[in-house]
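Below: the structure, in structure tokens.
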Amino acid sequence: MRLLVSHETVYRFDPPMKGVVQSHRLTPSQFEGQTVIDWSVEVEGATRGAAFRDGAGDWVETVSLLGPVEEVRVIVKGTVETVDLAGVLRGHRETVPPEAYLRPTHATWPDAAVKVLAEEALEGVAQDEILSRAHALAKAVSEAIEYTPGETEATTTAAEALALGRGVCQDHTHALIAVAQASDIPARYVTGYLESGNDGAAHEASHAWAELFVAGLGWIGFDAANKCCPDARYVRLGSGHDAQGAAPIRGVASGMGIEAMEVDVSVVDGDRAAGQSQTQQ
Amino acid sequence: MYDGSDVRPPYRGLEGWSRDMPSELKAMKQSEAEALFRRIGITFAVYGEGGSPDRLIPFDMFPRVFSADEWHRLERGIKQRARALNAFLVDVYGRGEIVKAGRIPGRLVYQNEAYETAVCGFVPPKGVYSHIVGIDLVRTGPDEFFVLEDNCRTPSGVSYMLENREIMMRMFPQLFQHNRIAPVENYPGLLRRTLASVAPRKCEGEPRVVILTPGHYNSAYYEHSFLADMMGVELVEGADLFVEGDYCWMRTTEGPKRVDVIYRRIDDAFIDPLCFRPDSMLGVAGLMNVYRSGGVTICSAPGAGVADDKAIYTFVPEMVRFYLGEEPILNNVPTWQCAKSDDCKYVLEHLPELVVKEVHGSGGYGMLVGPKADRSTIDIFAEKIREKPWNYIAQPTLALSTCPTFVDEGIAPRHVDLRPYCLVGEQIELVPGGLTRVALKEGSLVVNSSQGGGVKDTWVMAE
């Protein structure tokens, strides 16, 4: 599948800031499931630098703007050719040991309810069937949290979202990481894009899902919000221990201004778009 | 000091001095020393003990002395340990051979709070994570030293080593004429050379070194400014630095100056709000990205703390064997890990004989000294251990060596420990000496200044 991604994030500051520094994880991962045809990340007026590939395999870049900064506009555009690997992150180079993803963060901390959910989900599933256990946990989280925008916040934890029973993809992902880690399965937060098409299901083009580590197979994606594993409709950007660590854009602004943010994302199936344009000839 | 009734050779030069000193002179000198410390302003608390930054730590004038031979063996042991700790850090952020070989449980390393996935796959310049290794030692016999703990992040107290010597030389110049004492005053120069030797890949020309302090509210601020002064480098706070392009810059009245090596005295979590705690006001936004891409060196390297964790400590002798293929020269104190059920059982049965510590504790707090504790204190502690066994380790109470110390009644033995400061860069250096802490209360084994401890000058006799 050929996916056309357009992702624009605008930060406005009032009064203007003295300076802004951002760390970007905005470049698609390198693995067998996706090939970048073209890709650009642009921030007008910014100095770029300090770029490197981190231990998790993500390409990280730094941008800085000297003040007065009224607005930062991050424009991401590109085309990615994807294939369906049933969620398996095949051919991805990284050096972080999977065991390091067993340690919870504040956002993924397992409370008693998390542990109970994990135990119930795994009842009757064999100890050594890690893949089946991962599927069972993802299913349990899908059922425990109803997709409902506007009910949770960026700071909502896995335990809070599970107690509430409602949330968005970030909450599903944190909850899945929490139950997986509680079951001794390494798990992490993944960000990327999703081509949602017109199938009517609840989606967000700027998306997040979890990866669980299954010995023998490696990292496997689970999208509990959409009750599936990532396929050719997904573009993977990067990962972290939780939403904060994996954030595609992390920034710090110095000054006293109030920040407002707008995000506009579209992910289009390039083949279908081409097909539509032909019918208009 | 004594070997039976004889004075041990290294102390011979001090016997007459201490015996012949009239008590009035002693009292006068003691208050002179105190006045000097006050005037210099060296009043900070050591070892992250917190407390008032204005508190003066008692200084005992009776030096602790090592012979050249004793020191030579210690020096080899300390350098060996510093090499192994650094090899371990490079390994666990790289291929993890020691875990794969089954010599250290992966859980203890990779799920450790101090393990930073943000530096996985990165080898710092010259393969050094811990540039200043402070190794806390106690002596239990003529040739027997034990390591109490390793400090691989930012060990403090070195300014005491330097000031104690300075004050002794001012007050008793004749002692330094009659005894051949190895100098320690070249430490700041060696520290600077060590830091410059780990300049980052992208550095051009003479590396610019700075010390990054959390500010004057920090209990060790005195030491930060003292070291900056002695090394002739800038002392900066996070707000003085910024990231632009591939580098980190320092704001100066003559415009921005590129910074190559940062000796940071702030914790990992505060280094960079874009990588660690987003609410950190002490760090520099984007610094970790500059570090990872070779634009600046951070000393000690972020993530170094995993090597000095109390749960990892048990395995340091194993690191020496694994990485260096040598037998450890310095021994660990035998340690029981309450996380292991057999160990925990033993500990609970032998609490009155043991010292129990929290895995992440410091400064002598949250600690049980079995032989000194009453029944109810022991019972309360046993309950705590049962609740969170993984949070505790236990060690036997050691027959710590003593050193002559001036007390109200004259001169009496008091227990001491030692922290030497090993510098690791292109080369490994150790100045002959360190910080000797002394438990001033009779019979006490706790040398922490927050609990009645003091400091002494430490002499290594030249050959």
Side-chain angles (χ1 to χ4, degrees), chain A residues 17-25 46-67 93-107 154-155 181 184 186 188-189 213 239-247 249-255, chain B residues 91-97 99-100 105-123 200-202 238-239 241-249 251 256 272-281 283-296 303 306:
Chain A
M17 291 291 194
K18 284 193 287 186
V20 172
V21 183
Q22 291 183 337
S23 178
H24 290 171
R25 275 189 170 73
T47 307
R48 314 163 68 113
F52 65 101
R53 194 167 295 285
D54 74 5
D58 301 340
W59 183 250
V60 181
E61 282 190 352
T62 319
V63 299
S64 56
L65 292 101
L66 282 180
R93 289 170 65 107
E94 56 185 304
T95 47
V96 182
E99 272 187 277
Y101 294 99
L102 281 170
R103 194 174 95 215
T105 67
H106 173 70
T155 53
Q181 288 174 341
D184 222 24
R188 66 186 177 192
Y189 195 101
F213 189 79
S239 69
H241 292 273
D242 56 19
Q244 181 182 291
I249 302 174
R250 268 181 92 163
V252 165
S254 48
Chain B
D91 184 29
V92 296
Y93 289 112
R95 300 168 60 89
E97 300 290 359
V99 173
K100 286 180 192 155
R107 182 180 52 80
L108 286 184
V109 180
Y110 300 135
Q111 293 184 57
N112 198 297
E113 271 178 49
Y115 187 79
E116 299 288 5
T117 51
V119 299
C120 282
F122 180 70
V123 181
R201 184 165 51 81
K202 293 179 186 168
L241 301 178
F242 67 96
V243 161
E244 193 182 29
D246 284 328
Y247 302 103
C248 174
W249 307 82
R251 296 175 219 276
D272 177 358
L274 294 188
C275 184
F276 303 116
R277 278 177 66 152
D279 60 341
S280 169
M281 309 286 281
V284 186
L287 188 62
M288 283 299 289
N289 288 3
V290 175
Y291 171 66
R292 288 283 324 248
S293 55
V296 74
V306 71

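Naming convention: chains lettered A, B, ... in sequence-line order (proteins, then strands); numbering from 1 in each chain.
- Side-chain contact between Arg292(B) and Val60(A) is absent, with no heavy-atom pair separated by less than 4.5 Å.
- Proximity to chain B (any heavy atom under 4.5 Å) is shown, for Val252(A), by both the backbone and the side chain.
- Scanning all heavy atoms of the two residues, the minimum distance from Ala51(A) to Ser293(B) falls at O-CB, 3.5 Å.
- With a 4.5 Å cut-off on side-chain heavy atoms, Pro97(A) and Tyr93(B) do not count as touching.
- Neither the backbone nor the side chain of Leu65(A) comes within contact range of chain B, judged by heavy atoms closer than 4.5 Å.
- Interatomic distance, CZ of Arg103(A) versus CG of Asn112(B), reported as 7.5 Å (0.5 Å rounding).
- When heavy atoms are compared at a cutoff of 4.5 Å, Tyr247(B) does not approach chain A at all.
- Thr95(A) and Gly121(B) make their closest contact through OG1-CA, 3.5 Å (heavy atoms, listed as atom of the first residue, atom of the second, distance).
- For Gln22(A), the part lying near chain B is the backbone, with the side chain staying farther off; criterion is any non-hydrogen pair under 4.5 Å.
- Side-chain contact between Arg250(A) and Pro278(B) is present, with at least one heavy-atom pair separated by less than 4.5 Å.
- In terms of modelled atom types and a separation under 3.5 Å, the side chain of Asp246(B) and the main chain of Ala50(A) share a donor-acceptor contact.
- The shortest side-chain heavy-atom distance between Tyr110(B) and Leu102(A) does not fall under the 4.5 Å cut-off.
- Comparing Gly245(B), Ala239(B), Gly106(B) by how many heavy-atom pairs each has under 4.5 Å with chain A, the most go to Gly245(B).
- What you find for Glu99(A) and Gln111(B) is that their closest heavy atoms are O-CG, 3.6 Å.
- The two residues Ser64(A) and Glu244(B) make their nearest non-hydrogen contact at OG-CG, 3.5 Å.
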Does Val290(B) form a side chain to side chain contact (heavy atoms under 4.5 Å, CB included) with Thr62(A)? I'd like the steps, not just the answer. CA-CA 8 Å; Val290(B) 175; Thr62(A) 319; 5.7 Å; no
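- Taking a 6.0 Å sphere around CZ of Arg251(B), one finds it holds more than 12 heavy atoms contributed by other residues, nucleotides or ligands.
- More than 12 heavy atoms of other residues, nucleotides or ligands sit less than 6.0 Å from atom NZ of Lys202(B).
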